[in-house]
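Each remark here refers to the structure printed beneath this line.
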Amino acid sequence: MDSEPITSIAASTKPLRRRVIDFPLVALIIAMLVLLFPIALLAPILQALPLETLPQWVDAPLISLCTVAVAIAAYKLVIARLGDQPADELPFNRQWLDAPRGALIATLLMSLIVGVAALMGAYRLEGWGGSTSLPMLLFAAGLQAGIFEEILARGVLFRFLEQFGGSWFALALSSALFGLGHLGNDNATVFSSLAIAVEAGVMLGGAYMLTRNLWLAIGLHFGWNFAQGYIWDVPVSGFQVDGLVESYPAGPVLLSGGPFGLEASVIALALATPLGMWFVYRAVRAGNLVQPWWVRGRLARQNQMQTSES
């Protein structure tokens with residue numbers, strides 16, 4: 001990016017303590033602690049409340065909204081100010097409209113995946129479902145996962161890995177970690193984690209690279225989970241749900257994804273991965289690639305030498 005050498009020159013004038021804090025890997029550790037520590041403190045507080053006595057439409061939103069509020073506060077107050085290139089990538093302006101656009105794109109994409117699976121005999125409908133999972137899918141798997149996980153995976157991991165090793169390094173490693181993070185889910189396999197890393201990790205990372213904000217990735221994440229879980233009654237990353245319809249996987253697990261859901265299907269891999277690659281391609285065309293910090297440093301030194309010579 002054109003402004004990186006200039007930014008690096010400015011960064012070299014900072015006090016040593018600030019340069020250490022803003023070093024990408026140090027900033028990454030600080031950001032992780034700032035984000036995860038308050039969430040860890042929130043969990044026992046919520047557990048101590050008599051939430052089990054509340055209706056499902058009260059406790060699910062309450063837990064999710066509290067988690068989202070803490071995550072956004074941690075991001076806005078601290079994380080956005082860290083690193084050698086501080087940036088608020090969760091702006092409360094018109095860029096938030098990328099979120100509903102992303103949700104629509106993900107809903108259409110997941111519907112296409114389900115449709116192809118049905119044509120291939122890997123997805124079958126039995127009738128209407130009970131919709132009992134709607135609060136969980138709307139708030140926990142939708143809103144909470146979309147915002148909290150994207151702040152963590154793209155707003156922290158991708159951002160600071162990119163500032164350290166560049167865009168390609170960040171895309172590869174953050175996608176791998178995103179897939180690995182789903183390995184402990186119900187019914188997870190090595191293949192399901194690999195599939196999520198490729199189809200979802202690249203798609204969400206590419207959306208972040210393209211827009212340079214978190215809203216599109218948040219919308220994609222929300223729409224992906226909500227559409228597959230509620231609209232089509234497909235397990236969400238291994239967790240069984242009761243959606244709008246009643247469905248069940250059929251045929252080879254390679255096509256249906258088995259009990260983990262269509263995310264572990266070659267159909268999702270074949271249809272979702274190209275969208276992620278298209279996002280990445282557009283980001284490259286837009287000049288949104290970030291060089292590793294040592295390359296930026298070398299360019300900064302060259303600029304300094306040229307400036308001094310002139």
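These numbers come from a predicted model, not from an experiment. We count residues from 1, following the sequence as given.
The number of heavy-atom neighbours closer than 6.0 Å to CH2 of Trp128, taken from other residues, nucleotides and ligands shown, is 12 or below. With a 6.0 Å radius and a threshold of 12 heavy atoms from other residues, nucleotides or ligands, Phe169 has its CZ atom above the threshold.
In this structure, the side chain of Asp186 does not engage the main chain of Gly238 through any donor-acceptor pair within 3.5 Å. In this structure, Thr67 contributes its side chain and Phe148 its backbone to no donor-acceptor pair below 3.5 Å. Ser265 contributes a side-chain N or O that, together with a main-chain N or O of Leu255, makes up a donor-acceptor pair within less than 3.5 Å. The backbone N or O of Pro249 sits nowhere less than 3.5 Å from a side-chain atom of Ser256 that would complete a donor-acceptor pair. Trp215 contributes a side-chain N or O that, together with a main-chain N or O of Pro91, makes up a donor-acceptor pair within less than 3.5 Å. The backbone N or O of Ser192 lies less than 3.5 Å from a partner atom in the side chain of Thr189, making a donor-acceptor pair.
In this structure, Arg212 satisfies the cation-pi test against Tyr208, with its NZ or CZ atom closer than 6.0 Å to the six-membered ring centre and inside 45 degrees of the ring normal. Within the cation-pi definition used here (under 6.0 Å to the ring centroid, within 45° of the axis), Arg282 qualifies as a partner of Trp278.
Between Phe222 and Phe226, the ring-plane angle classifies as parallel under the 30° and 60° cut-offs.
At a cut-off of 3.5 Å, with distance as the only test, no side-chain donor of Asn213 or Glu89 sits close to an acceptor on the other residue.
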| message | Walk me through whether Tyr123 and Ser247 qualify under side-chain contact (heavy atoms from CB on, under 4.5 Å). | response | CA-CA 7 Å; Tyr123 171 91; Ser247 72; 3.4 Å; yes
